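Remarks on the structure that follows.
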Amino acid sequence: MNRGADIVARTLVHAGVKRVFTLSGNHVMSIFDAAPAARLDLVHVRHEAAAVHMADAWARLTGEVGVALATGGPGHANAVPALYTALASESPVVLLSGHSPLDEMGRGAFQEMRQADLAAPLAKASWAVASAAALAQDVARAMRIAAGGRPGPVHLSLPSDALDATVADPALPDANAFGAPPATLAPAAAEAVLGELARAARPIILVGPTLVRGPGREAARRLEAATRVPLAGMESPRGLNEPALGALAEMLPQADLILLLGKPLDFGIRFGRPPVIAPGCRFVHVDPDPAMLERTSREVGARLAFSAVADAGPAAATLAELAAKRTWPKSGWFDEVSAAIAHRPTAWATLSSAGVGGVHPVEVCRAVQRVLDGHPDAVLISDGGEFGQWAQACLTARHRVTNGPAGAIGAAVPFAVAAKLAFPASPVVAMSGDGSVGFHLAEFDTAVRRGAPFVAVVGNDARWNAEHQIQIKAYGPERAVGCELLPTRYDLVAAALGGHGEHVERAADLAVSLERALASRRPACVNVAIDGLAAPDLSRKR
Ligand SMILES: Cc1ncc(C[n+]2csc(CCOP(=O)(O)OP(=O)(O)O)c2C)c(N)n1
Ligand SMILES: [Mg+2]
């Protein structure tokens, strides 16, 4: 059929999209109708924000554009907030939303809403398709924008009359309409960057989210290995204090040159100012977005030694290739910074819970790490509060999806569903606080229907501990208010939704519970009564 909805479905499949994450609604039923014939898999969920989170995790784990589909009006409005996490994590997501018919706009149409305006601040681009004839090219353009430069979410509203109309020319866009050639780093610019690194005594490379995953991460690691300039990935709202970076924050003030590679100068490094960064430290900035380079220049002035526009991944690859042809000065700096990043208190290795007040998060992580170590392609999801900080301090896996620089809690369960669909043979473990896991518990139902058996490990301290910790530090323990929760049996909720539940009160039971959870082959919740500790302190200055 040459109906607009069929063109949309066929265009997506033509672009390599196998599945969309969606929740039904009047405005998009034509696309649901078109999906089977186009061989487009509809993963239908329980909340539109979860669909966007799934598309986000799918994009980060596969490198493909993740596509979410919501209905118009309230469905769209539910989906929009989840774009913020994708935006901050530089995740190429396209949110397609149904929309009132164009010929009823301004006349009080059903669920009429200025949808593009609503999504615009959280997206790289946001618009409504103007006619049925424009559908295919607009879908291609949305995907191209999402994947290009600094990747990120794009929103496209699809008016229902355009979806229902017959399209006169059903030709699909050329394959190259779905992606633009990357902006590479010119060899002369690359040599200038490498020259700055080579001349510095204590250089550090800081990279953004696209260089901590997939092929970008491989290129970044090659660059670090060739230059022996220490490199750190930054994708946390806690900036340099991300627990995965150990005691890096202690080394940064000693740096005399920082290469920002696809990493904006922002709050995460305190805008390049002392005491986090030395007043004399110089910067080199390579970024896809000229506005980011201008912002750095405004912030640090003449301390910006060199800048160039280029996409982060290709720039890292070029730099690595050219760096391998140079000889690099030997110094102890690389080992010093690496040791700081690797720093974890030695007591953690042998730490065991007293048995009162719940299991220590380090013990939970020790048991989970054994699961992750059991598979070369294991996926770690980390979300939510102080427990998430312990997880990020203690756990490593080949693939990691966190709530990222946005710091928005609650995406663990939808992330885990998408991760299991992307890596069916891998163990997928989602670490979440008890507060955060409550946001999207209903997605256990989606996981059961889709046969996506992940394991959610809930650190249950019966409170919103991260905020409780702020209260006791800033206002005093007697003024802590509004952050208490109940020791809810989230394991029983998962079981009621058709999954598997485990309740753990003693560290000694963790291993066997995790094993049973994995063996159940159902989406599982391991609900652990933990000691509600503040996030780990990784400084060595104590
Ligand atoms: C969407 C969103 N709402 C609120 C916050 C503020 N916040 C950050 S951590 C946190 C508490 C999380 O509680 P829980 O998941 O139980 O983890 P815990 O800190 O208790 O380990 C809150 C409310 C946020 N970051 N994002
Ligand atoms: Mg909690």
Side-chain angles (χ1 to χ4, degrees), residues 47-50 52-53 56 77-89 121-122 235-239 241-244 267-268 353 357-365 368 381-395 401-416 429-441 443 456-475 477 480-491 493-494 503-505 525-537:
H47 191 289
E48 288 85 354
V52 173
H53 287 314
D56 177 358
N78 273 352
V80 164
L83 295 174
Y84 185 61
T85 295
L87 184 69
S89 291
L122 305 185
E235 56 164 358
S236 162
R238 301 196 186 203
N241 296 321
E242 167 172 1
F267 73 95
S353 315
V359 182
H360 194 291
V362 162
E363 283 195 284
V364 182
C365 293
V368 167
I381 312 280
S382 173
D383 180 20
E386 305 302 75
F387 185 66
Q389 301 308 304
W390 286 98
Q392 288 176 42
C394 297
L395 297 176
V401 181
T402 72
N403 52 1
I409 58 173
V413 176
F415 278 175
V429 181
M431 305 291 286
S432 175
D434 54 327
S436 303
V437 83
F439 279 48
H440 287 297
L441 270 178
E443 299 309 330
V457 176
V458 177
N460 194 333
D461 55 10
R463 60 184 179 224
W464 303 98
N465 193 28
E467 309 311 299
H468 174 74
Q469 294 297 331
I470 292 174
Q471 291 179 325
I472 56 180
K473 280 183 204 117
Y475 313 116
V481 60
C483 290
E484 61 287 343
L485 294 168
L486 298 172
T488 298
R489 292 288 302 272
Y490 297 100
D491 53 313
V493 180
H503 182 60
V504 178
E505 291 181 325
C525 172
V526 178
N527 181 49
V528 188
I530 60 158
D531 195 356
L533 300 170
D537 175 1

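Atoms within each ligand, like the ligands themselves, are counted from 1 in listed order. Values in this document were obtained by computation on a predicted structure and should not be read as measured data.
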When rounded to the nearest 0.5 Å, the distance separating CD1 of I381 from CG of N403 is 10.5 Å
Hey, does the side chain of Q471 reach the backbone of V481 with a donor-acceptor pair shorter than 3.5 angstrom?
yes
Distance under 4.0 Å to a non-hydrogen atom of R463: what atoms of ligand 1 satisfy this?
16 (O), 20 (O)
Any atom of ligand 1 sitting under 4.0 Å from a heavy atom of G410?
no
For N/O/S atoms only: which one belongs to D434 and is nearest the Mg ion (ligand 2)?
OD1
Spatial distance of atom CG (N460) from atom NE2 (H503) [nearest 0.5 Å]:
8.0 Å
Under the criterion salt bridge (Lys or Arg N to Asp or Glu O under 4.0 Å), I'd like the reasoning laid out for R489 against E505: C-alpha separation, chi angles, the key distance, then a yes or no.
CA-CA 12 Å; R489 292 288 302 272; E505 291 181 325; over 6 Å; no
Nearest-neighbour protein heavy atom for atom 25 (N) of ligand 1, which is reported as residue plus atom name and distance:
G407 O, 2.7 Å
Do the side chains of V364 and W390 get nearer than 4.5 Å, heavy atoms only?
no
Short N/O/S contact of W464 with the Mg ion (ligand 2) (below 2.8 Å)
no
Which heavy atom of the protein is the closest neighbour of atom 14 (P) of ligand 1, given with residue, atom name and distance?
G435 N, 3.6 Å
Atom 3 (N) of ligand 1: closest protein heavy atom, distance to 0.1 Å, is I409 CG1, 3.9 Å
Could you tell me whether L485 and ligand 1 have an N or O pair separated by under 3.5 Å?
no
Does any N or O of ligand 1 fall below 3.5 Å from an N or O anywhere on G388, backbone included?
no
S436 heavy atoms, cut-off 4.0 Å: which ligand 1 atoms fall inside?
12 (C), 14 (P), 15 (O)
For the residue pair P361 and L533, establish whether any side-chain heavy-atom pair is separated by less than 4.5 Å.
yes
Between the Mg ion (ligand 2) and D461, which N, O or S atom of the residue is the nearest one?
OD1
Can you tell me if G459 has a non-hydrogen atom under 4.0 Å from ligand 1?
no
Please tell me if the side chains of V528 and V457 come closer than 4.5 Å, counting only heavy atoms from C-beta onward.
yes
Provide, to 0.1 Å, the distance between atom 21 (O) of ligand 1 and the closest protein heavy atom, together with that atom's residue and name.
F387 N, 2.9 Å
CE of M431 to SG of C365, rounded to nearest 0.5 Å, is 4.0 Å
Quick one: are P405 and S89 in side-chain contact, heavy atoms under 4.5 Å?
yes
Can you find a heavy atom in the side chain of L441 that is under 4.5 Å from one in the side chain of Y490?
yes
Is any side-chain heavy atom of I409 closer than 4.5 Å to one of W464?
yes
Kindly identify the option in E467, E386, H468 whose heavy atom sits closest to atom 22 (C) of ligand 1.
E467
The closest protein heavy-atom partner of atom 11 (C) of ligand 1 is W464 CE3, 3.7 Å
Has E386 got an N, O or S atom lying less than 2.8 Å from the Mg ion (ligand 2)?
no
Output the list of atoms in ligand 1 that are nearer than 4.0 Å to some heavy atom of A408, sorted by atom number.
26 (N)
